[in-house]
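Working notes, beginning with the structure itself.
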Amino acid sequence: MMVTARRVEAAAGEVRYEFGLDDRFDRILTIDPHTLDARVEDGDFNSAAGAIASKIVKAWRSSGEFPSRMLFAS
């Protein structure tokens, strides 16, 4: 499985990413920068959403910034 994401918006209350399998970017992931809670627009928080959200949060914890792009491959 390869999940890719790209940041599309970084407002004060949320950071939004387009993400999907194999560069399809057909879903939206939103992360609250204060609580690090993640949700998906379509309500289906499946393994792909969990994997990419985890990678994004880990990158934020290590650098203090939300990455512009992220890739998860298993």
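For reference, positions follow the sequence shown, starting with 1. Note that the structure is predicted; figures quoted are calculated from it, not measured.
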- [ ] Side-chain contact test, heavy atoms from C-beta onward, threshold under 4.5 Å: evaluate it for Val3 versus Leu21 and give yes or no.
- [x] yes
TODO: Locate the shortest heavy-atom distance separating Ala38 from Ile31; write the atom from each residue and the value.
DONE: CB-CG1, 4.1 Å
- [ ] Report yes or no: do Met1 and Val40 belong to one cluster of Ile/Leu/Val/Met/Phe/Trp/Tyr joined by side chain heavy-atom distances under 4.5 Å?
- [x] yes
- [ ] Find out if a path of hydrophobic residues (ILVMFWY) with successive side-chain heavy-atom gaps under 4.5 Å connects Val15 to Ile28.
- [x] no
Open item on the list: Salt bridge or not between Asp22 and Arg24? Use side-chain N to carboxylate O under 4.0 Å.
Closed with: no
Task: Charged tip of Arg39 within 45° of Phe45 ring normal and under 6.0 Å - done: no
Open item on the list: Between Arg7 and Glu18, does any NZ, NE, NH1 or NH2 come within less than 4.0 Å of an OD or OE carboxylate oxygen?
Closed with: no
Open item on the list: When you compare the side chain of Asp32 with that of Glu14, does any pair of heavy atoms fall below 4.5 Å?
Closed with: no
TODO: Could you pull out the closest heavy-atom pair between Ala5 and Phe19, with the gap in Å?
DONE: CB-CB, 3.7 Å
Task: Transitive ILVMFWY side-chain link Leu36 to Ile52, under 4.5 Å - done: yes
Open item on the list: Under 4.5 Å between side-chain heavy atoms, counting indirect links through other Ile/Leu/Val/Met/Phe/Trp/Tyr residues: same cluster for Leu29 and Val8 or not?
Closed with: no
TODO: List the atom of Ala12, the atom of His34, and the distance in Å for their closest heavy-atom pair.
DONE: O-NE2, 3.3 Å
Task: Close side-chain approach of Thr30 to Glu41, heavy-atom, < 4.5 Å - done: no
TODO: Take Arg6 and Phe25, measure what side chain to side chain contact (heavy atoms under 4.5 Å, CB included) needs, and give me the verdict at the end.
DONE: CA-CA 8 Å; Arg6 61 183 173 205; Phe25 302 112; 3.5 Å; yes
Quiz: residues 63-74 side-chain donor-acceptor pairs under 3.5 angstrom, not counting sequence neighbours:
unit_1, atom_1, unit_2, atom_2, d
Ser63, OG, Ala59, O, 3.0
Ser63, OG, Glu65, N, 3.2
Ser63, OG, Glu65, O, 3.2

